[in-house]
Amino acid sequence: MPASQHTRSQILIVGGGSSGGVLAVLLSELGFEVALVDTRDPTLPFTPDSRAFAIVRGGWRVLDAAGVGGNLVNKAEPLLSMEAHDRNGLLPPAASMFGVEDLPDGVTEGEPLGYMIEVDLLNQAIRDRVNACTAITQYAPETVTGLDVGDSGAAVTLDSGKTITADLVIGADGVGSAIREFSGIKTLGWSYEQAVVAATVQLDWPHHGAARQWFQDEGPFAILPLTENRGNLAWFRKEKAGIATAKLSQADLEAEINQRFGDLAGPMKVLRDPLAYPLRLRLAEKLIAPRVALVGDAVRRVNPLAGQGFNLGLKDIAALVEILVESRRAGLALSDGAQLETYQRWRRFDGVATALAMDGINRTFSNSSALLSPFKRLALSVGSTVGPLRRALAAQASADKPGLPRLVRGEPLEALIG
């Protein structure tokens with residue numbers, strides 16, 4: 001093979017999306033030699049995406065460390081409170097809520113629970129930051145066709161015929177991860193037989209920075225706050241109904257949601273075409289293999305009920321970065337098995353626990369069972385009235401707890417190598 005077709009790097013990240021891009025920037029800024037493979041052509045615009053992410057405070061700190069958060073904050077809506085309302089069954093409606101006032105002591109005054117940001121804006125900001133890091137070697141558009149792990153490194157073959165050998169390969173290539181498959185890491189999961197309809201709407205009633213969610217028989221209906229008193233609608237429906245709903249014209253969708261939910265959220269005007277995506281749970285049995293680590297959706301695809309998916313990926317990124325810096329400081333190989341096992345232990349429980357918790361909440365509240373109704377009402381009432389529980393929920397929702405990676409806790413990037 002010609003030399004130009006065979007290159008080497010310390011770290012090869014497969015997947016140039018949100019998680020892979022942030023990870024590439026952080027590692028590059030820390031002085032690692034980084035190559036990044038992406039299936040998308042970086043010269044082409046992103047496919048329009050009507051979703052928005054709730055990025056909690058800890059996750060936003062990781063974006064700040066990567067030089068992305070500061071470029072987005074003026075386009076993001078501060079998230080000040082979260083509400084859950086149950087309107088199923090025959091009993092009166094109940095609600096649970098917490099806000100910035102429930103955050104732990106010592107939090108910077110005025111700091112929100114997190115920020116709502118539109119996916120289009122997030123993707124572009126991360127791409128711009130990756131392109132600004134000239135030390136990152138990009139291979140795009142390219143598709144991985146093979147992975148061969150040996151004593152001298154992990155060789156990744158691309159569809160162009162190029163081969164990149166790296167000390168460590170990181171799979172950030174999403175729910176259908178090729179790196180996970182080539183590494184022989186199995187997954188488990190199931191379909192919810194639901195689809196989430198996403199759309200951007202103009203609100204008539206002020207949202208006051210609140211993320212509001214109403215549980216219905218079919219699934220939750222949420223309005224998440226965006227700038228200029230807009231909202232991101234997330235409507236859980238039966239899968240076929242959800243796919244059909246996303247094919248409605250803006251005018252027909254507007255009529256449908258106002259007829260169904262106008263009494264909950266006020267008049268809404270649809271601003272852009274909706275989309276719908278099927279709801280699946282998928283969990284990787286492992287996060288690591290010889291010379292391989294997985295992050296983000298390559299590890300897990302969770303129910304988006306509380307917007308934890310991308311936030312879990314940001315915690316994966318912060319943990320792996322910290323582990324790799326420690327390996328370098330100790331003179332260990334970046335693929336050191338014990339160090340990668342530490343990463344796996346650190347991140348496995350959080351991901352599985354969150355996935356199962358979101359699954360349980362969705363199954364419990366998205367029905368009108370007369371037997372469950374009193375218990376659901378009690379759970380929501382306790383969540384609102386018991387101060388310690390409210391504070392625990394706020395800490396969990398904002399990723400502000402002990403034991404989290406240093407970047408999530410707000411330590412600057414340079415502190416990792418200080």
Does V22 have any side chain to side chain contact (heavy atoms under 4.5 Å, CB included) partners at least two apart in sequence or in another chain, and if so, which? L26, V62, L63, A66, I126, L314, I317

Checking R237 against T245 for the side chain to side chain donor-acceptor pair (under 3.5 Å) test, could you report, in this order, the C-alpha distance in whole Å, the side-chain angles of both residues, the deciding distance, and whether it holds? CA-CA 9 Å; R237 305 210 65 191; T245 300; 2.9 Å; yes

D173 (side chain) donor-acceptor with A178 (main chain) under 3.5 angstrom: yes

I need the I243 CD1 to Y277 OH distance, nearest 0.5 Å. 11.0 Å

Just by distance, no angles: are the side chains of T187 and R180 close enough, under 3.5 Å, to form a donor-acceptor pair? no

I'd like to know if the side chain of H207 reaches the main chain of G231, judged simply by a donor and an acceptor atom lying under 3.5 Å from each other, with no hydrogens or angles considered. no

Pair S19, D297: side-chain N/O donor-acceptor within cut-off below 3.5 Å: no

Nearest 0.5 Å, what's the CD1-CG distance between I117 and L79? 12.5 Å

Restricting to non-hydrogen atoms, name the atom on P278 and the atom on E239 that form the minimum distance, rounded to 0.1 Å. CB-OE2, 3.8 Å

Gap between atom CG of D204 and atom NZ of K269 - 0.5 Å precision: 12.5 Å

Applying salt bridge (charged side-chain N to carboxylate O under 4.0 Å, His left out), can you list everything that pairs with E77, at least two apart in sequence or on another chain? none

Mind checking what makes side chain to side chain donor-acceptor pair (under 3.5 Å) contact with T134, not counting sequence neighbours? none

Under the side chain to side chain contact (heavy atoms under 4.5 Å, CB included) rule, collect the residues that match up with P206, sequence neighbours excluded. H208, N229

Give a yes or no on whether the backbone of L404 and the side-chain of R409 come within a donor-acceptor separation of less than 3.5 Å. yes

Closest heavy-atom pair and its distance - A198, S50: O-CB, 3.7 Å

Would you say the side-chain atoms of D38 pair up with the backbone N or O of V14, donor to acceptor, closer than 3.5 Å? no

Of all heavy-atom pairs linking I136 and L36, the shortest is CG2-CB, 4.0 Å

Taking the side chain from S183 and the backbone from I179, do they hold a donor-acceptor pair closer than 3.5 Å? yes

Taking only residues two or more places apart in sequence, or in another chain, which ones meet Y139 in a ring-ring contact (aromatic ring centres under 6.0 Å, His included)? none

Applying ring-ring contact (aromatic ring centres under 6.0 Å, His included), which residue pairs with at least one partner in residues 46-76 are found, sequence neighbours left out? F53-F310, W60-Y115

Please round to the nearest 0.5 Å and tell me the distance separating atom CZ of R282 and atom CG of L188. 10.0 Å

Test side chain to side chain contact (heavy atoms under 4.5 Å, CB included) applied to L407 and E322, step by step: CA-CA 8 Å; L407 292 179; E322 194 169 326; over 6 Å; no

The criterion is side chain to side chain contact (heavy atoms under 4.5 Å, CB included); which residues satisfy it with F261, sequence neighbours excluded? Q216, F221, W235, I257, L264, M268

If the threshold is 4.0 Å, N to carboxylate O, is there a salt bridge linking E228 and K75? no

So which pairs with a foot in residues 6-18 pass salt bridge (charged side-chain N to carboxylate O under 4.0 Å, His left out), sequence neighbours left out? R8-D167

Could you walk me through whether T200 and L226 satisfy the side chain to side chain contact (heavy atoms under 4.5 Å, CB included) test, starting with their C-alpha distance in whole Å, then the side-chain angles of each, then the deciding distance to 0.1 Å, before giving a yes or no? CA-CA 9 Å; T200 303; L226 296 175; 4.0 Å; yes

Quick test of your reading: applying salt bridge (charged side-chain N to carboxylate O under 4.0 Å, His left out), list the pairs with at least one residue in residues 327-339, sequence neighbours left out, ordered by first then second residue. none

Only pairs at least two apart or in different chains count here, so list each salt bridge (charged side-chain N to carboxylate O under 4.0 Å, His left out) that has a residue in residues 131-154. E142-K162

Run the salt-bridge test on R57 and D64 with the 4.0 Å N-O cut-off and return the result as yes or no. no

What pair of heavy atoms forms the shortest contact from Q5 to S160, and how long is it? NE2-O, 3.8 Å

Just by modelled atom types, is the L283 backbone N or O under 3.5 Å from a matching donor or acceptor in the R301 side chain? no

Judged by atom type as modelled, is there a donor-acceptor pair below 3.5 Å linking the side chain of Q194 to the main-chain atoms of E218? yes

Contact between T157 and L147 at the side-chain level, heavy atoms closer than 4.5 Å - yes or no? no

What's the spacing between I170 CD1 and L294 CG if we round to 0.5 Å? 9.5 Å

Determine yes or no for a side-chain-to-main-chain donor-acceptor pair under 3.5 angstrom, with N311 supplying the side chain and G59 the backbone. no

Contact summary for A298 and G171, nearest pair of heavy atoms: CB-O, 3.6 Å

Atom pair CD1 (I323) and CG (L332), whose distance is rounded to the nearest 0.5 Å: 10.5 Å

Under the salt bridge (charged side-chain N to carboxylate O under 4.0 Å, His left out) definition, can you give me all pairs with a residue in residues 126-138, not counting sequence neighbours? E29-R129

Take S191 and R280 through the side chain to side chain donor-acceptor pair (under 3.5 Å) test and state the conclusion after the steps. CA-CA 5 Å; S191 168; R280 308 280 189 269; 3.2 Å; yes

Expected output: side-chain R348 to main-chain E285 donor-acceptor under 3.5 Å: yes

Working note: F182 + V156, criterion side chain to side chain contact (heavy atoms under 4.5 Å, CB included); need CA distance, chi angles, decisive distance, verdict. CA-CA 10 Å; F182 284 131; V156 170; over 6 Å; no

Please enumerate all residues that pass side chain to side chain contact (heavy atoms under 4.5 Å, CB included) together with A135, with sequence neighbours excluded. S28

Looking at every non-hydrogen atom in both residues, tell me the closest pair between A293 and L168 and how far apart they are. N-CD1, 4.3 Å

Check: L334 and Q10 side chains under 4.5 Å, non-hydrogen atoms: yes

Crowded around E193 CD? As in, over 12 foreign heavy atoms under 6.0 Å? no

Before accepting this row, confirm whether a basic side-chain N of the pair E83/R212 lies closer than 4.0 Å to the acidic partner's carboxylate O. yes

Under 3.5 Å, side chain of R61 to main-chain N/O of V408, donor-acceptor pair present? yes

Between K247 and D273, does any side-chain N to carboxylate O distance fall below 4.0 Å? no

